[in-house]
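What follows is one structure encoded as structure tokens, with my remarks underneath.
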Amino acid sequence: MDKRELQTYDVVGIGFGPSNLSLAIALEESPEPVSAAFFERQASLSWHRAMLVPTAKMQVSFLKDLVTFRNPVSRFSFVSYLHEVGRLPRFVNNSDFFPTRREFHDYLEWAESKLTRRVNYGSEVTGMRLLRSGPEDHVELEIRDPGGPRLVTARNVVISTGLVPRMPAGIERDGFTWHSSEFLHRFRAFDRRKLRRVAVVGAGQSAAEIVRFLYDALPEASISAIMPSYGYSIADNTPFANQVFDPAAVDDFYQGSSRSKDAIWHYHRNTNYSVVDDEVIRGLYQRAYDDEVSKCERLSFVNLARVVDVKRVDDDTRVTVHSLATETSCDLDVDVLVCATGYDPMEPADVLGELAEYVVHDGDGRYRVERDYRLVTPDLDCGIYLQGGIEHTHGLTSSLLSNIAVRSGEIASSILARRVPVPGNGVHV
Ligand SMILES: Cc1cc2nc3c(=O)[nH]c(=O)nc-3n(C[C@H](O)[C@H](O)[C@H](O)COP(=O)(O)OP(=O)(O)OC[C@H]3O[C@@H](n4cnc5c(N)ncnc54)[C@H](O)[C@@H]3O)c2cc1C
């Protein structure tokens, strides 16, 4: 039988990546006490750990941390972290807005260590249902926990389950065909002596970082980079373009017409999607150029090409590559294929369960979402908020770190502002 907890939480967060970590801090810093619990299916805080390749850098400024844009004097800021670990002067000497992802991960762990009492690890939320027995609606969450199944009740739920890895159509993952989201775990478990030929498919930041990493880590191996474009394209990180990530841009996007939303996507996709940092592009080009000079070419770029089939043939992974340039296909035999083919947006339906039927949809069948990130559910008292999966309503920052401090603050404020007075018993949020 499922264990039911007696307490009803004001807020339950599903997933504990940077978004809900930022929310946990916003609740901690809230002017009124809020009872909260977070459930994370991984065994510990882990922010794209399998992509923490050495030297990979953040694509946002360190000032777009968990808190600073909401509360610049928070004790949870990246600067507070640097101060506490004793690296602030050396960080500043480096004159670089973009720390490595490893350092940022260390910062996230540092912030999380101050909040552990709110977080349950190894706990996967598998569904939700509505409890309508008392004076106000509650959500009951089913949780698969190391100690057995659990039921938890909440007045508000914040879904932040993250991006969903995407493979090329028709291609399945296995021990020799990996997705970038599992890259380092697979790489470390693999016998390196058997990694002589590796192909990496994709034209984005992760693809380029993996190609660079493999080239440097496997000096005897040949690396093939297969991409649908004519070469890697640069991520626009210039100041005017960066304004699409400003908190104010969320209002502009939210209030905009469908034509203005389309224009923002059309003109500014290249700030984030299928683009690569300048420094990584130049580093790869230089490696290929140096190889040519030394007549030892082990880095090849297969441009305008798509992977259409993968199969195991004896000890090889046979990758069928279709060239858009010649409209012909050829086979490439490798030891391992890495698909750095991106992610689909967060899918709330996976955890909403029967509550999905209470959500109002727009004309295109997508969820309607209030400006405060609350799903439009006119028949429910309880709140269901989204951190992610809201590109169609709130714009480009939906799946990024840029706006998490402000977004979490807005969600925390909304939950407090919608609190219901309880006679003789204070308020419920
Ligand atoms: C390699 C990589 C690098 C990136 N670098 C940047 C960057 O530099 N700057 C930037 O702005 N963005 C970056 N991004 C985008 C990325 O989406 C954000 O960095 C960030 O991860 C968003 O945080 P999140 O908490 O919303 O989602 P996530 O970090 O994905 O966290 C979601 C969490 O939910 C958990 N979960 C899922 N389902 C359940 C469930 N049913 N029950 C319990 N737990 C569940 C998952 O285990 C996960 O820990 C990067 C993405 C990748 C893949």
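In listed order, ligands and their atoms are each counted from 1. Note that these values count all heavy atoms, side chains included, but never hydrogens, waters or copies made by symmetry.
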Which bit of I14 gets closer than 4.0 Å to ligand 1, counting heavy atoms only: side chain, backbone, both or neither?
side chain

Ignoring angles and geometry beyond distance, decide whether N20 reaches within less than 3.5 Å of ligand 1 through its nitrogen or oxygen atoms.
no

Select the closest option to atom 9 (N) of ligand 1 among L23, L386, L401, judged by heavy-atom distance.
L401

R407 versus ligand 1: do any nitrogen or oxygen atoms come within less than 3.5 Å of each other?
no

How far is atom 24 (P) of ligand 1 from the closest protein heavy atom, and which atom is that?
S19 OG, 3.2 Å

Among all the protein's non-hydrogen atoms, which is closest to atom 19 (O) of ligand 1, and how far away is it?
W47 NE1, 3.1 Å

Would you check whether K57 has a nitrogen or oxygen atom less than 3.5 angstrom from a nitrogen or oxygen atom of ligand 1?
no

Would K261 and F253 count as a cation-pi pair here, with the cationic atom under 6.0 angstrom from the ring centre and within 45° of the axis?
yes

Consider only side-chain N and O atoms of T177 and E172, and report whether a donor and an acceptor are under 3.5 Å apart.
no

So, are R374 and E410 salt-bridged, with charged N and O less than 4.0 Å apart?
no

Identify the closest protein heavy atom to atom 31 (O) of ligand 1: which residue and atom is it, and at what distance?
G17 CA, 3.5 Å

Atom 1 (C) of ligand 1: which of E209, M51, K64 has the nearest heavy atom?
M51

Relative to the heavy atoms of Y343, which atoms of ligand 1 are at a distance of less than 4.0 Å?
53 (C)

When you measure from atom 42 (N) of ligand 1 to every protein heavy atom, which one gives the shortest distance, and what is it?
V125 N, 3.0 Å

Heavy atoms only: which of R101, M58, Q42 is nearest to atom 3 (C) of ligand 1?
R101

Partner residues of H361 under the ring pair (Phe, Tyr, Trp, His ring centres under 6.0 Å) criterion, sequence neighbours left out:
Y367

I'd like to know whether ligand 1 has S399 as a neighbour, heavy-atom separation below 4.0 Å.
yes

Selection residues 380-399 - residue pairs positive for side-chain hydrogen bond (donor to acceptor under 3.5 Å, both in side chains), sequence neighbours left out:
N20-Q387, Y385-S414, Q387-R407

Contacting atoms of ligand 1, where contact means under 4.0 angstrom from a heavy atom of Q59:
7 (C), 8 (O)

With R269 as the cation and Y273 as the aromatic partner, state whether NZ or CZ is under 6.0 Å from the six-membered ring centre and within 45° of the axis.
yes

So that I can tick it off, tell me whether R132 and E140 are bridged by a salt bridge, with the cut-off set at under 4.0 angstrom between side-chain N and carboxylate O.
no

State the atoms of ligand 1, each with its element, that fall below the 4.0 Å cut-off from a heavy-atom position in V351.
41 (N)

Shortest reach to atom 29 (O) of ligand 1 by a heavy atom, considering only G162, P18, S44:
P18

By number and element, which atoms of ligand 1 are closer than 4.0 Å to a non-hydrogen atom of S123?
43 (C)

For L163, the ligand 1 atoms with a heavy-atom partner under 4.0 Å come out as 17 (O)

Please work out, at 4.0 Å between heavy atoms, whether the side chain, the backbone, both, or neither of F104 comes within that distance of ligand 1.
neither

Would S181 count as a contact residue for ligand 1, given that I'm defining contact as a non-hydrogen atom of the residue lying under 4.0 Å from a ligand atom?
no

In terms of the angle between their ring planes, are W47 and H105 parallel, tilted or perpendicular, with boundaries placed at 30° and 60°?
tilted

Would you say atom 14 (N) of ligand 1 has a protein heavy atom nearer than 4.0 Å?
no

Give, for atom CG of N237 and atom OG of S61, the distance between the pair rounded to the nearest 0.5 Å.
9.5 Å

Hey, what's the ring geometry for F78 with Y81, parallel, tilted or perpendicular (30° and 60° as the breaks)?
tilted

for atom 46 (C) of ligand 1, nearest protein heavy atom and its distance come out as E40 OE2, 3.5 Å

Atom 36 (N) of ligand 1 has as its nearest protein heavy atom R41 NE, 3.8 Å

Should we count CZ of R282 as having more than 12 external heavy atoms under 6.0 Å?
no

Run the salt-bridge test on R366 and D364 with the 4.0 Å N-O cut-off and return the result as yes or no.
yes

Does E220 come within less than 4.0 Å of R298, counting only side-chain N to carboxylate O?
no

